[in-house]
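For the single chain, residues carry numbers from 1 onward in sequence order.
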Amino acid sequence: MKNKKILFMTIFFSMIIVQFTLSYSYGYVGENRDRDLEMNQEIENQSKDIIIIGDDANYPPYSFLDKNGNPAGFNIDLAREALGVMGLKAEFKLSDWNVVRKNLENGKIHMISGMVYSEEREKIYNFTTRHTITNGEIFTRRGKEIKDIKELKGLTVVVQEGGIVHEYLADQNLHIEFVKVATIGEALKLVSMGTYDYGAVLKVPGNYIINEHKLENLQGNGIDVAKNNYTMAVQKNNEDLLFTLNDGLKILKDTGKYEEIYDKWLGVYEEKRLLDEIKEYSWLIGLIILVLIVLIMGIFILRRIVEARTKELTIVNKSLRENEIQLNEYNEEMAAAYEQLIASEEALRDQYDEIERYTEKLEKLKQKYQIAIKGTDSVVWEYNLEDRTIYLSEEVKNTYGIDINEEEHVDEILDEFFNKEEKEKLKDEFKAYEEGHMEEIHLEVKLKGICNNVKWILIRGKGVFGETKNLKVISGIILDITKLKEKEKCIEHLAYHDVLTNLPNRLKFMGKLNRQINESRPGAIMLLDIDNFKEINDILGHVYGDEVLKKVAKELIKIQDEKLFISRFGGDEFLILIEGEDDVTEIENYAKEILDVLKKRIIIGENQIHISCSIGITLYPFDSNDVNQIIINADVAMYRVKNLGKSNYMFFNSEMANRVKEKIKIEQMLRKAIEEDGFKVLYQPQVCVLTGEIVGYEALLRMKEYTLSPAVFIPAAEETSMIMDIGRIVAEKVIKQIGVWKKKGLNIKPIAINFSAKQLNDLGYIDFLQDILEKEHVETKYIDIEITESVFLEKKDETIEFLNRLKALGIGISLDDFGTGYSSLSYLTFLPVDKIKLDKSLNDKFLELKNISVMDSIISLAHSLNLKVVAEGIEDMEQYKRLKVGKCDYIQGYVFSKPLEVNKVEEIHNHNFLNMP
């Protein structure tokens, strides 16, 4: 109980109030029982049995069916007892909550044994007085917390349909998407299984269900939702039954029967009453009263003793005060003499302490100085400007092996340890400092070779000025920076050279090219890329690939001359600068020599491989004077070689630049279309050869704002990751359109969606398809995926697995452009396809009279493999008739219909093309 802390402060008043309350309560029962019995008699005259239906939850511990099939629970017991003390019997039934409420409103039942009060509900029902408080709770899986109902804004929440929690949340304007179920148990199980994240139901039955069904992964979040009075409800205007129930509840509370029912079912969920606490701790209260009596008696006895002792102490205290006065006078005299001695001693001690502190500081400074000098291998120097002598500390011998006197003339030191160039640098530095042009001396110089070792030193120093502010002495330190200079040299090499091949890197190359252009010297740039290097890495490993790059670098260095500057650009690319050369023939000779060198067999370890390369060449300043543009030009030319078959070289020209610009322009159009819903889908009918009826459609993508052909923008999209975004856009538009047609009542026919080989990199494509199909309530049988042979060029096993997953979902698969490859027939023996689509080029070639047998054989072969055949690009009736004779299944082409907009599709959806004029 929360009020335990103040229980004992109010114990006596509480006992009086409890006694008065009990007397009053039982008096009330006696005075009002006659009136209650009269009213009950009137209700009995109406009906001996009152039908009562359960509460908001119809779930333990409020209302439920026990193991014998009888209604039980807190509400059942409470209603039975409340009516029983008033002389009435009741029949109890449990049903769905919404049905219960309607039955009460229609007068089919007399009351509901448990309902949470709300102002809206009071317009429909009459409520008894509140007999307890209840509230809802937000339940989540453990690890997912919520601190306020406002966090539910825009989310999906499972609720008991028509329950108070549902009504309360619906009024909060949080735009919650409700999943309505019949019972609290259903709601919590949906959250426990992970179907939904949030369940909003009544707290008490919610906790009971969690414990009973061991839903250990669920938790409440301590949020009181729709906290309100818990009451019984009767039909509007049934005042007699309402008064009877109120009086019955009053009697149950006054007699303690209510607490028994409450503790039996709900006692673990609410605090105990103050009267119960007092009864529970009555033994402690008696003990406290007994202790207080003993304490009062003890205090009385102690008071008498204290009074006697106080008189005795007063007499002793008076005597002590007289003695204290005498002692104080004597102490004052002694204190004056002592203060004089203390003052003299303190003065002497201050002087001694000052000397000690100064000595200690000097010793610490000396130690720090020694540590600094030895720790840094420093040499201390001091230069006297008056006699031009220099002092060097003894560390000069240990650090540099130089044995000199403590003081020597500066010119002798300079001549002995520095060459002419370094000596002049030192003199200029000291002169500039003496003239005030520098704040300190800071110079790196090189010592003469000592024992064939090169030593670099750093000389630092500042002046010491006299009283007249004239510079007399310059002092400082000398540091050995030989290792630092070596590291700088190593870092500089690393900064401008490739770690793997030790060739100059891109930074070094760009610097050299800049200088060539600034000096207006003509030349050429070659960008060399090893062909199929990715396969080398994938098959033999990256370590082997690195060895190949080092081998290529060595071969290139072998042909290097005074005109060639060879560098590694990055990856498997090398940049070669041909300096001062504008003769195209000479440049071609270099390119041919490189191609020949790299065509030789390369042996690395136990493996022997043959490699080739593609070379892009650009001339400067002819093609460009801009360094970055020059590199781009070479790159464009190199990729042109790649596209034309590799293992060759090509010079850059303006046509290549225009092609690149056009490609960039198309990519910009595609990005804009992706971001701004710039695509639309046309549908071309597929017609049954025998009946002339439409059996399905192929979805064909177009751009809304641009007239670009798919043959132009689809390859551009396939070169980037945009084809994956476009693939999802097409699938989503098609599935949504099928959903629209379903709502319009059209007879749905399958629609084929083209699938690019690049979309195999979209690992979430199948999950995306499932989500859209479920969201739009579209069956998988209405979707076909059209693939081409190119999807099997790489990752064959993964592709087969991908297609089998589609088949398992019920999605059809068609092999498009059949007849354009070299191994289509072999594919048919293992691919999980349902249809083949004969390419237009195949139809145009073999539908001539003399070749019709070839087409018949292809169709017959497909049928023998249980495959349907679709002929694409059919444009005249003669082709149609020949395909009909050959028993082709379906026709797609302009002979029947071009690709159509959505509204046109709806117009011809049920047409028969063979019966049309």
K775 with D771: basic N within carboxylate O range, under 4.0 Å:
no

M115 side, atom CE; L104 side, atom CG - distance, nearest 0.5 Å
6.5 Å

Rounded to the nearest 0.5 Å, how far apart are CD of E779 and CD1 of I811?
12.5 Å

Is it the case that more than 12 heavy atoms not belonging to K236 sit under 6.0 Å from its NZ atom?
yes

Please walk me through it: do D96 and R101 pass salt bridge (Lys or Arg N to Asp or Glu O under 4.0 Å)?
CA-CA 9 Å; D96 181 81; R101 291 180 62 175; over 6 Å; no

Any side-chain heavy-atom pair of E177 and L155 under 4.5 Å:
no

Side chains of I751 and W741 in contact at under 4.5 Å (non-hydrogen atoms)
yes

Heavy-atom check, side chain of I210 versus side chain of F139, under 4.5 Å
yes

When you measure from the side chain of N217 to the backbone of S192, do you find a donor-acceptor pair of N or O atoms at a distance under 3.5 Å?
yes

Test N75 against Y230 for side-chain hydrogen bond (donor to acceptor under 3.5 Å, both in side chains), laying out the working first.
CA-CA 10 Å; N75 289 333; Y230 197 59; 2.8 Å; yes

Please report the closest heavy-atom contact between D762 and M724, naming both atoms and the distance.
N-SD, 3.4 Å

Look at D725 together with R671 and state whether they make a salt bridge at an N to O cut-off of under 4.0 Å.
no

For I753 versus A731, what's the shortest heavy-atom pair and its separation?
CD1-CA, 3.9 Å

Between E260 and K257, does any NZ, NE, NH1 or NH2 come within less than 4.0 Å of an OD or OE carboxylate oxygen?
yes

Looking only at atom types and distance, does a side-chain atom of R728 sit under 3.5 Å from a main-chain N or O of F768, one as donor and one as acceptor?
no

Does H213 reach the main-chain N or O of I209 with its side chain, forming a donor-acceptor pair under 3.5 Å?
no

If I take atom OG1 from residue T129 and atom CG from residue N246, how far apart are they, to the nearest 0.5 angstrom?
4.0 Å

OG-CG distance between S113 and L94, expressed to the nearest 0.5 angstrom:
8.0 Å

Over 60° means perpendicular and under 30° means parallel, so tell me whether F127 and Y117 are parallel, tilted or perpendicular.
perpendicular

Answer yes or no: is there a donor N or O on one side and an acceptor on the other, between the side chain of N106 and the main chain of K108, under 3.5 Å?
no

Looking only at side chains, do E81 and Y258 share a donor and an acceptor under 3.5 Å apart?
no

For the pair D784 (side chain) and I813 (backbone), establish whether a donor and an acceptor sit closer than 3.5 Å, ignoring hydrogens and angles.
no

Is H909 reaching over with its side chain to a backbone N or O of L746, donor-acceptor style, under 3.5 angstrom?
no

Measuring from E119:CD to D171:CG, what's the distance to the nearest 0.5 Å?
10.5 Å

Run R80 and F92 through side chain to side chain contact (heavy atoms under 4.5 Å, CB included) and show every step you take.
CA-CA 9 Å; R80 182 182 289 116; F92 294 90; 3.7 Å; yes

CD1 on I729 to CE on M722, rounded to 0.5 Å
11.0 Å

Pair K744-V740, side chain to side chain contact (heavy atoms under 4.5 Å, CB included): steps then yes or no
CA-CA 6 Å; K744 289 185 176 181; V740 172; 4.0 Å; yes

Give me the ring orientation class for F802 and Y765: parallel if the planes are under 30° apart, tilted from 30 to 60°, perpendicular past 60°.
tilted

Check the angle between the aromatic planes of H131 and F74 and answer parallel, tilted or perpendicular using the 30° and 60° thresholds.
tilted

When you compare the side chain of V201 with that of E137, does any pair of heavy atoms fall below 4.5 Å?
no

Residues L245 and M232: closest non-hydrogen pair is CD2-SD, 4.0 Å

Tell me whether E216 is salt-bridged to R142, with the criterion being a basic N under 4.0 Å from an acidic carboxylate O.
no

Look only at the side chain of T255 and the backbone of I251, and say whether a donor-acceptor pair between them is shorter than 3.5 Å.
yes

Please walk me through it: do K736 and E732 pass salt bridge (Lys or Arg N to Asp or Glu O under 4.0 Å)?
CA-CA 6 Å; K736 285 185 175 180; E732 185 173 6; 3.2 Å; yes

Keeping the roles fixed (side chain from W97, backbone from E161), state whether a donor-acceptor pair exists under 3.5 Å.
no

Non-hydrogen atoms of N221 and K144 that approach each other most closely:
OD1-O, 4.1 Å

Parallel, tilted or perpendicular for Y683 and Y697, by the 30°/60° rule?
perpendicular

Output, in order, the C-alpha distance, side-chain angles, deciding distance and verdict of salt bridge (Lys or Arg N to Asp or Glu O under 4.0 Å) for K253 and E259.
CA-CA 7 Å; K253 288 192 174 183; E259 281 76 13; over 6 Å; no

Tell me if a side-chain donor or acceptor on K742 pairs with a main-chain N or O of H777 at a distance below 3.5 Å.
yes

Give a yes or no on whether K180 atom NZ has more than 12 heavy-atom contacts from other residues, nucleotides or ligands under 6.0 Å away.
no

Beyond-backbone contact of E167 with R121, side-chain heavy atoms, under 4.5 angstrom
yes

Apply side chain to side chain contact (heavy atoms under 4.5 Å, CB included) to the pair K153 and H175, showing each step before the final yes or no.
CA-CA 6 Å; K153 186 171 184 179; H175 306 291; 4.1 Å; yes

Considering all heavy atoms of both residues, which atom of N238 and which atom of N126 are nearest to each other, and what is their separation?
N-ND2, 4.0 Å

Treating Q759 as the side-chain partner and S756 as the backbone partner, does any N or O pair qualify as donor plus acceptor under 3.5 Å?
yes

Is there a side-chain contact between V225 and I164, using heavy atoms and a 4.5 Å cut-off?
no

Any non-hydrogen side-chain atom of D197 less than 4.5 Å from a side-chain atom of T156?
no

Heavy-atom closest pair (Q219 atom, R141 atom, distance to 0.1 Å) is NE2-O, 4.0 Å

Counting only heavy atoms not in K704 (residues, nucleotides, ligands), do more than 12 fall under 6.0 Å from its NZ?
yes

Using side-chain heavy atoms (C-beta onward) and a distance below 4.5 Å, is L152 in contact with I146?
yes

Is there a side chain to side chain contact (heavy atoms under 4.5 Å, CB included) between V179 and V159 once you walk through the steps?
CA-CA 6 Å; V179 177; V159 295; over 6 Å; no

Donor-acceptor side-chain pairing of T183 and E186 below 3.5 angstrom
yes

